[in-house]
Amino acid sequence: MMNLNNLIRKNIKAMKPYSSARDEFKDLKADMVFLDANENPFETTLNRYPDPQQTALKELISKQKELPINQVLLGNGSDEVLDLIVRAFCEPNQDSILTLPPTYGMYGVLAQLNSIENIEVPLSKDFNINVDQVLKQVKPSTKLLFICSPNNPSGNIMDVNAVTRLLKAFDGLVVIDEAYIDFTTIESWTQRLNTFPNLMVTQTLSKAYGLAGIRLGTCYASKEIIAVLNKIKPPYNINSLTQQAAIEALQNNEVSDQVSSILREREKLANALASCFFVKKIYPSDANFILIKVDDANKRYDELLRHGIVIRNRTTQLGCENCLRISLGTPAENKQLLTLLNTLK
Ligand SMILES: *Cc1c(COP(=O)(O)O)cnc(C)c1O
């Protein structure tokens with residue numbers, strides 16, 4: 001069974017978190033004179049530090065996700081959330097994480113950055129989890145298991161039964177990266193947080209919400225896990241502009257038309273790609289991109305680039321030989337892509 005106390009790094013268990021001026025006196029709107037944070041007192045709407053606990057934004061997210069506020073942590077993009085998770089639980093030069101390549105590159109980068117081993121257990125040929133292999137390769141030092149679903153770069157959702165088996169059998173923390181969840185109709189793993197105390201879910205406003213520029217990622221987990229991350233996060237990690245923009249976007253919930261368009265375009269593009277002679281395989285996608293296998297990825301990548309279209313060449317990724325990843329664009333952009341593809345020889 002998972003014991004959270006044994007997973008937290010010793011120094012983090014022992015440390016006393018930084019207490020910012022704004023942590024100690026929260027309500028800037030109160031009728032008080034704030035001479036506590038060495039800010040410039042002249043009002044510009046940005047002269048004050050942001051709310052370190054992002055209360056207004058978290059209340060909104062908490063309501064929309066139907067989770068208590070103490071099960072929500074916000075980061076400067078989900079990349080910061082992932083970084084906090086690794087630093088909270090993995091002892092440098094001692095612990096390990098387990099990842100399932102081909103997958104999102106940041107997990108491996110974070111392992112290297114923190115000097116921890118990254119145990120890689122390849123996905124199957126059709127990009128599913130080999131549960132038996134994962135359980136065989138887990139070590140006593142393995143604190144975290146990263147599952148990306150829908151997976152980047154393959155685009156598929158990981159089988160619910162496979163993930164459930166891992167949640168039950170692995171006594172470390174299972175981090176499910178749901179950066180692309182808004183493009184699917186499946187239930188988010190956030191719905192199962194109460195069933196699995198070792199489950200953590202990350203999401204982001206960077207993909208479906210069209211807000212990659214504001215850098216806002218979210219983490220959902222038990223209140224005990226969230227408390228650990230809260231203790232080590234930089235005090236003002238979500239700036240005021242980001243908090244305001246996120247509140248507006250989430251209140252207005254305007255992206256569903258865009259997501260629908262992207263999903264329609266995904267089907268259109270997949271169908272059109274099927275008739276390109278150099279496309280050997282189109283992998284099923286539950287995300288806003290499509291992975292294809294072509295005759296010669298480097299050649300096709302260069303051809304598109306020469307005509308001003310930038311896609312992602314994934315040919316060096318494990319199990320992705322001659323694979324290209326294409327993000328869905330606007331209908332006009334996708335049409336431009338297809339027109340070009342039809343001229344290739
Ligand atoms: C894009 C992406 C992220 C990064 O999200 P940010 O919130 O922009 O940092 C995380 N995970 C996966 C799988 C991604 O593809």
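Counting convention: from 1, in listed order, for ligands and their atoms alike.
Ring pair F146/Y104: centre-to-centre distance not below 6.0 Å.
Under 4.0 angstrom from ligand 1, the non-hydrogen atoms of N152 all belong to its side chain.
By the 4.0 Å heavy-atom criterion, R215 is counted among the residues contacting ligand 1. The shortest heavy-atom distance from A212 to ligand 1 is not under 4.0 Å. Not a single heavy atom of M106 sits under 4.0 Å from any atom of ligand 1.
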Quick one: do T164 and N161 satisfy side-chain hydrogen bond (donor to acceptor under 3.5 Å, both in side chains)? Show the steps, please.
CA-CA 5 Å; T164 304; N161 294 323; 5.1 Å; no
Does the pair L304 and L337 meet the rule for a side chain to side chain contact (heavy atoms under 4.5 Å, CB included), with working shown?
CA-CA 8 Å; L304 291 188; L337 169 71; 4.1 Å; yes
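Applying the 4.0 Å criterion to heavy atoms of C148 picks out, from ligand 1, the atoms 13 (C). Less than 4.0 angstrom separates some heavy atom of S206 from each of these atoms of ligand 1: 6 (P), 7 (O), 8 (O). Close approach to T204 involves these atoms of ligand 1, each under 4.0 Å from a residue heavy atom: 5 (O), 6 (P), 7 (O), 8 (O). Of all atoms in ligand 1, numbered sequentially from 1 with element shown, those under 4.0 Å from a heavy atom of D79 are 4 (C), 9 (O). Here is the list of ligand 1 atoms found below 4.0 Å of a heavy atom in S78: 3 (C), 4 (C), 5 (O), 6 (P), 7 (O), 9 (O), 10 (C).
The heavy atom nearest to atom 15 (O) of ligand 1, out of those in Y180, Y104, Y209, F289, is found in Y180.
In terms of protein heavy-atom proximity, atom 11 (N) of ligand 1 is nearest to D177 OD2, 2.6 Å. For atom 2 (C) of ligand 1, the closest non-hydrogen atom on the protein side is K207 NZ, 2.4 Å.
Salt bridge present: K139 and E117 bring a charged side-chain N and a carboxylate O closer than 4.0 Å. Salt bridge status for D132 with K136: absent, with no side-chain N to carboxylate O gap under 4.0 Å. A salt bridge is defined here as a Lys NZ or Arg NE, NH1 or NH2 lying under 4.0 Å from an Asp or Glu carboxylate O, and R314 with E321 fails to meet this definition.
Tested against V294, the residues Y301, F278, F277 include a single side-chain contact (heavy atoms from CB on, under 4.5 Å) partner, F278. Of the candidates I85, L73, I176, I85 is the only one forming a side-chain contact (heavy atoms from CB on, under 4.5 Å) with T202.
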